[in-house]
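Take a look at the structure below.
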Amino acid sequence: MFAQLGYYICVPFAWLTRLFYTWTGSYGVALILFTLLVKLVLLPFQLKSKKSMLRMNRMQGKIKDIQTRYANNKEKQQQEMADLYAREGVNPMSGCLWSFIPFPILIALYYIIRTPLRYFMSLSQTVITEITELAASLGYTAAAEGQAAAYEQIYLAKFIHEHWADFDGKFPGLVDLNYNFLGMDLSAVGKDLFSQFPSGGWPVIGILILPLISAGLQFLMTMISMKSNGNTQMNGSSKAMMYMMPLMTVWMGYILPAALCVYWICNAGFSCLQELLLNKHFNKILDREETDKEREKREKRYAKMQAARENYNQQLASGKGDRKPQPQQKKKKSSDGEHRGSTTEAGRVGQRPYARGRAYSEEHYNDN
């Protein structure tokens with residue numbers, strides 16, 4: 001069941017690779033065009049994910065503030081985080097799905113490279129058996145075990161290329177497959193060529209440096225991606241991932257056919273270019289959106305203040321219109337004989353109505 005499912009997954013990728021090889025006649029160029037087309041097909045789906053990731057990067061201050069305020073209340077913290085994502089229109093899981101898509105494509109491409117007659121040429125097992133019998137009659141020896149058995153169809157495809165005159169037109173769908181690209185044999189496995197370095201010349205040196213170039217571009221892509229996502233201060237897991245992926249690329253590049261290194265190099269190169277362009281594009285958009293959002297907030301705040309001021313003025317005007325003037329009591333004019341204020345007669349001294357203190361006595365300071 002899984003083998004059949006894998007076959008149908010490989011079919012569209014094999015058809016594209018065969019189409020590009022038919023157009024260009026170069027296996028390496030076909031892989032480059034295949035990688036470019038896959039990146040272009042996935043680009044519309046990655047645009048939204050990239051924009052969401054950049055917006056999340058700008059939200060780190062708010063996220064840390066929520067984590068600090070609700071450090072002791074995880075439930076409230078999660079609720080506030082969910083509300084923040086909803087207000088900002090961000091899906092924190094949007095970038096996870098697309099990060100796994102290259103893996104099935106890589107596996108499918110590996111099978112297309114490893115079994116070219118079955119997947120690249122879409123030949124049935126019966127036809128492959130007949131081709132093998134004809135090749136054996138011409139001196140081809142099929143491998144029985146080990147790595148040679150795993151890559152038997154590659155060796156058979158190379159034998160067919162070398163004896164194409166004996167196979168041409170005898171099997172429908174059979175393709176004259178040439179693995180040579182820039183003087184290198186893309187069907188070669190790097191670890192088998194160490195004994196020929198450096199005497200083997202460019203065909204050997206080129207194959208051996210392909211995994212290093214692939215790892216270098218992979219490291220550069222990781223650095224650009226982490227920088228764009230705001231992970232300038234990396235923790236232990238981030239550092240391990242940053243170095244682990246290039247190291248795995250080097251290891252796999254030396255134990256698998258060199259054609260996969262061409263795919264990795266192109267994929268990493270296109271990814272670096274895509275990251276730089278998308279970062280520049282979406283940062284401008286997000287800056288403009290934030291500017292518009294701040295302007296909208298200021299306008300709303302100003303409108304709210306104006307409405308409050310108008311409401312206050314209306315209430316003030318309404319209060320003045322409804323309130324009746326209170327009649328004021330007329331003050332009686334005081335004559336000279338009448339005192340002013342509430343001073344008692346005991347405190348009066350002559351015409352001084354506000355004299356304070358005890359009652360005046362003429363005999364108070366009299367010694368007699």
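Heavy-atom contacts from other residues, nucleotides or ligands closer than 6.0 Å to CG of Asn311 number more than 12. Counted within 6.0 Å of CH2 on Trp15, heavy atoms from surrounding residues, nucleotides or ligands total 12 or fewer; the atom is thus considered open. The number of heavy-atom neighbours closer than 6.0 Å to OH of Tyr70, taken from other residues, nucleotides and ligands shown, is above 12.
If you take CE on Met221 and CE on Met245, they are separated by 7.5 Å, rounding to the nearest 0.5 Å. To the nearest 0.5 Å, the span separating NZ on Lys284 from CG on Asn279 amounts to 12.5 Å. In this structure, OG in Ser124 is found 7.5 Å from CD in Glu130, a value given to the nearest 0.5 Å. Atom-to-atom distance recorded for Asp168:CG and Ile160:CD1 is 11.5 Å, nearest 0.5 angstrom.
Aromatic ring orientation, Phe34 versus Tyr263: tilted (interplanar angle from 30° to 60°). The aromatic rings of Phe167 and Phe171 are tilted relative to each other, their planes meeting at an angle between 30° and 60°.
At a threshold of 4.5 Å between non-hydrogen side-chain atoms, the residues Ile105 and Leu42 count as touching. Contact of the Trp23 side chain with the Val29 side chain is not registered, since no non-hydrogen atoms from C-beta on lie closer than 4.5 Å. Gln153 places a side-chain heavy atom less than 4.5 Å from the side chain of Pro116. In this structure, His161 and Leu177 have side chains that are not in contact, with every pair of non-hydrogen atoms separated by 4.5 Å or more. Within the 4.5 Å cutoff, the side chain of Lys39 has no heavy atoms near those of the Cys266 side chain. Between Leu109 and Leu31, some side-chain heavy-atom pair lies under the 4.5 Å cut-off. Counting heavy atoms from C-beta on, the side chains of Arg118 and Tyr111 never come closer than 4.5 Å.
Residue Ala157 comes nearest to Leu117 through the heavy atom pair CB-CD1, 4.0 Å, listed as atom of the first residue, atom of the second, then distance. The two residues Ser26 and Phe181 make their nearest non-hydrogen contact at OG-CD1, 3.6 Å. Cys261 and Pro211 make their closest contact through SG-CG, 3.8 Å (heavy atoms, listed as atom of the first residue, atom of the second, distance). When all heavy atoms are compared, the tightest approach of Ile32 to Phe270 is O-CE1, 4.1 Å. For the residue pair Ser271 and Asn267, the shortest heavy atom distance occurs at OG-O, 2.7 Å. The nearest pair of heavy atoms linking Cys10 to Ile112 is O-CD1, 3.9 Å.
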| query | Would Tyr151 and Ser187 count as a side chain to side chain contact (heavy atoms under 4.5 Å, CB included) if you check the C-alpha gap in whole Å, the side-chain angles of each, and the deciding distance to 0.1 Å? | reply | CA-CA 9 Å; Tyr151 297 138; Ser187 67; over 6 Å; no
| message | Go through it in stages, so that I can follow the logic: the residues are Leu43 and Leu278, the test is side chain to side chain contact (heavy atoms under 4.5 Å, CB included), and I'd like the CA-CA distance, side-chain angles, deciding distance and then a yes or no. | response | CA-CA 10 Å; Leu43 180 60; Leu278 291 184; 4.3 Å; yes
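Between Lys76 and Glu80 there is a salt bridge, since a side-chain N of the basic residue sits under 4.0 Å from a carboxylate O of the acidic one.
Taking the six-membered ring wherever Trp is involved, the centroid distance between the rings of Phe194 and Tyr254 falls below 6.0 Å. Taking the six-membered ring wherever Trp is involved, the centroid distance between the rings of Tyr179 and Tyr27 falls below 6.0 Å. Checked against a 6.0 Å centroid threshold, the rings of Tyr140 and Phe159 count as neighbours.
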